[in-house]
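Just follow the structure's listing: the first ligand is 1, and inside any ligand the first atom is 1. Note that this is a predicted model, so its numbers are computed, not measured. Nothing fancy with the numbering, it's 1 onward along the sequence.
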Amino acid sequence: MEGKTHMTSSCVPFPRDFVWGAATSAYQIEGGWNEDGKDPSVWDHFCHTPGHIHNGETGDIACDHYHRVSEDVALMKELGITSYRFSINWPRILPDGNGPINHTGLDFYSRLIDHLLEADIEPCVTLHHWELPLALHRRGGWLNPETAKAFSRLAEVVGKAFRGRVRRYLTLNEPQCITALGYGNGVHAPGNRTDPLTQAAVAHQLLLGHGYAVQALRSTAGTVEVGVASTGSIVCPAEDTVENRAVACDATFRCGENWTFMHSWFLDPMVLGHYPEQRPPELDAFVQSVSPDELAQICQPLDFIAANIYSGDEIDAGGRLIPRPTGWPRTALRWSVSPKSLHYGPAFLYRRYHLPIYVSENGQSCNDRIFLDGQVHDPDRIDYLQRYLLALRDAIREGVPVMGYYHWSLMDNFEWQSGYDDRFGLIFVDYANKLRRIPKDSFYAYRQIIASNGGCLNDPGNLGSRR
Ligand code: NOJ
């Protein structure tokens, strides 16, 4: 494992205005799936259909955050985060996707935002974290151009309602996963399995939706920063030389067979105004058929790029993938622990797109449990957090403008097709016992990191103690 040298490096804190956050999404924590005028989303429907989710679990109740906003915000305050990233459950606000506004749904988010502001926590709103209204799906979902227009309407409604209170927005969360998992292999809602050309059409509508939403926010939401939460493969050089970095950076963005899971398929059109030049030949005709007008709709000025980064690969000087050796550390979901991805990921994204960077998600899944002493000890997560943040600091030291970090996740939650077994939270949710919240050791570690603005990262022995 890399990282040892970090422990002895001098103790330089993060930039003064660095944003220390935590993230969640609506379906994964809210529950209240059919309350107060909310209609179903594709995820409600997908989970209610047997065979899709581990143990047949659903987000019907999830962490019941819908009814526990003040308790949860009080925990955020205790944690000391300066920003909280959450998403809007689209059919809570527009049950039909594009019809009348459900004001009770809007009020829920308005209350949450007020609680956050009172606690001095800046809201960061993701407009779409996969909660597509079922009604829109039944009219064709992301294959119907109406959906992109309806998304612009959602942005308008939300932007107007929270004007002056919300200053940071993300349009889409991981359009890569919507395309690859929702419409590619069908592992995510809506569970469609389609061919690559159909997936390219889905990706294109998502891109248009993003572009329209940026424009809608700019015209309704007041002074706001707008970005998108992208994900994808990050390729790191095993040995850090200028040449190896260039090879790794190229590999990070070159679109081959795995194009749906690449940052560049989405970020190139959004930021550079064209689809990637290195792409699978089978998509050439599609890309060439896209009109300049549509590309102009998609490519709207952004204030930052946000990236969800959990893992990465390493290559040698010849560009060959280096397999992880036997016994390499892995998370509960079997993702390889690769701190370097939080150094090279932001560095490469900045190199290609020249925009400030937020890490909008990063964290480790564990099979956490309550120990006999009644507490939840999670040293693996603390070690992960520390190693990744030290790597992020390397990027900042090199001059990459990283503005903030959002830990995934604030609390344990519904991990999509994997259900509830794999836990990502800084706060344990006791599903068997009235959804009681128990801050884990990592909660206290992150609290110390935030309070010292990263200064205590060099003091690994003490992280997580409940001082
Ligand atoms: C990506 C997604 O945005 C989030 O919803 C998910 O729970 C985490 N990463 C972990 O898989």
Next item on the list: For ligand 1, would you mind listing the residues that have at least one heavy atom less than 4.0 Å away, ordered by chain and number?
Entry: Gln28, His129, Trp130, Asn173, Glu174, Asn308, Tyr310, Trp335, Glu361, Trp408, Glu415, Trp416, Phe424
Next item on the list: Please determine if Arg352 forms a cation-pi arrangement with Tyr350, meaning its NZ or CZ atom is less than 6.0 Å from the six-membered ring centre and no more than 45° off the ring axis.
Entry: no
Margin query: Applying ring-ring contact (aromatic ring centres under 6.0 Å, His included), can you list everything that pairs with Tyr388, at least two apart in sequence or on another chain?
Written below: Tyr384
Check: Under the 6.0 Å and 45° cation-pi test, does Arg85 pair with Tyr358?
Finding: no
Item checked: Partners meeting ring-ring contact (aromatic ring centres under 6.0 Å, His included) with Phe261 (sequence neighbours left out) -> none
Notebook entry, point to check: Are the side chain of Arg165 and the backbone N or O of Phe162 linked by a donor-acceptor pair below 3.5 Å?
Noted result: no
Item checked: Those residues that, when tested against Tyr344, pass ring-ring contact (aromatic ring centres under 6.0 Å, His included) (two or more places apart) -> Phe348
